[in-house]
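Ligands are counted one by one from 1 in listed order, and the atoms in each one are counted from 1 as well. One is the number of the first residue; the rest follow in order along the sequence.
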Amino acid sequence: VDPSRASILHADLDSFYASVEQRDDPSLRGRPVSVGGGLVLACSYEAKACGVYTPMAFRKAKQLCPDLVDVPARFDVYMEASKAVFAIFHDTTPLVEGISVDEAFLDVSGLRRIAGTPTEIAVRLRQRVRDEVGLPISVGVARTKHLAKVASAASKPDGLLVVEPEDEDRFLLPLPVHKLWGVGPKTTAKLNQRGIFTVGDAARLGEDSLVAMLGLAAGHKVHALSGHRDPRRIEVGRRRGSIGSQSAIGWRPKTDDDIDRTLVAIVDRVARRMRKAKRLGRTVTLRLRFEDWDRITRAHTMAAHTSHTETILDVARNLLRSTLPDIADRGCTLVGISVGHLCDDPPSQLVLPFTRHDTEALDDALDDLKERFGSKAVTRAVLLRHDGGFSGSVPMLPD
Ligand SMILES: [Mg+2]
């Protein structure tokens with residue numbers, strides 16, 4: 001293992017959803033394609049070349065790109081492709097850290113003798129994803145996660161970029177400062193206002209000036225990343241900071257009851273996934289999207305960690321109730337719930353009677369039935385009134 005050499009891969013599928021559509025329908029290849037219907041969830045490179053980005057209202061995208069072909073999303077197909085690609089990642093190295101459905105870090109530093117240099121491994125990985133899953137994937141190779149991530153982005157589409165330690169400055173310093181991972185539009189604007197446009201400009205500035213300009217956290221980060229200091233290692237089996245789900249509820253008019261039923265179904269799903277993963281959470285976040293694509297987010301942090309359906313549902317309903325005055329007549333089209341501030345569920349806690357809500361036993365029983373007979377086998381009473389008006393859940397979008 002030689003951490004002084006470039007041996008971290010960042011692998012990232014190109015325009016994931018749109019590439020799957022172009023793979024499955026040859027008539028879409030070489031054409032500007034968007035996925036999603038009213039909202040562009042993903043678009044092909046041909047569409048990006050016309051200035052289409054995500055998310056963007058389809059109407060606006062069509063103005064920019066009159067030849068744009070829109071196809072409906074097929075999330076089950078995307079998830080199948082994601083699983084196949086991750087199977088190749090895990091086949092490449094045991095050290096895989098998934099970042100989203102279509103990207104991961106892979107540490108290949110220990111594989112030189114059995115599998116070759118990081119560059120050889122990256123070339124093979126890209127070829128396998130192309131041959132076995134039919135999708136283009138870009139890979140960045142570097143000494144740190146940050147540089148690998150920036151390198152894969154710079155190599156797109158369908159590229160491979162290896163940044164050896166001696167090339168780090170030459171690669172990173174000329175890039176615009178927003179290319180630093182995690183530097184958003186606000187920080188970028190502050191830096192630009194002061195005449196700092198490239199990573200090199202920021203690197204020359206020194207830590208104190210950056211902190212004075214951007215505040216402690218952002219200042220430290222920009223200073224560290226522009227100087228290639230990124231000590232983060234690959235975290236195997238890294239667990240997500242939150243577990244969530246969302247449901248599109250269509251464009252028809254809906255009542256508060258409709259939204260509540262959607263909420264119950266989502267909370268049920270999220271809490272079940274938490275219990276299965278043996279995770280407890282404290283912060284419940286409600287997300288709503290409206291016909292005009294505007295969104296609102298409300299969050300509440302509970303006093304204690306839980307994975308208990310009724311407790312999470314109570315919080316979610318209170319959050320929803322608090323938004324009702326603001327959302328009347330706005331046409332809610334999507335409801336999402338996520339639970340964050342996760343921790344492991346210590347098994348000892350389960351046997352302490354006073355920490356158990358009396359309906360927690362019900363959760364266990366329902367989980368068990370759903371496990372054995374499928375999630376449609378048992379339904380909470382409120383869902384029985386469900387009129388079938390909303391579509392199934394959609395996974396959170398990849399970056
Ligand atoms: Mg991607």
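- Sorted pairs that involve residues 59-68 and meet salt bridge (Lys or Arg N to Asp or Glu O under 4.0 Å), not counting sequence neighbours, are lacking altogether.
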After noting the C-alpha distance and the side-chain angles of Lys156 and Asp14, does the key distance pass the salt bridge (Lys or Arg N to Asp or Glu O under 4.0 Å) rule? CA-CA 7 Å; Lys156 281 178 176 293; Asp14 299 327; 2.5 Å; yes
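- The Mg ion (ligand 1) lies closest to atom OD2 when only the N/O/S atoms of Asp102 are considered.
- Within the 2.8 Å limit, Asp14 places no N, O or S atom next to the Mg ion (ligand 1).
- The aromatic rings of Tyr78 and Tyr17 lie parallel to each other, with less than 30° between the two planes, well short of the 60° mark.
- Using a cut-off of 2.8 Å, one finds that Asp12 contributes an N/O/S atom close to the Mg ion (ligand 1).
- In terms of the side chain to side chain contact (heavy atoms under 4.5 Å, CB included) criterion, residue partners of Ser209 (sequence neighbours excluded) are, by chain and number, Leu205.
- For Phe16, every N, O or S atom stays at 2.8 Å or more from the Mg ion (ligand 1).
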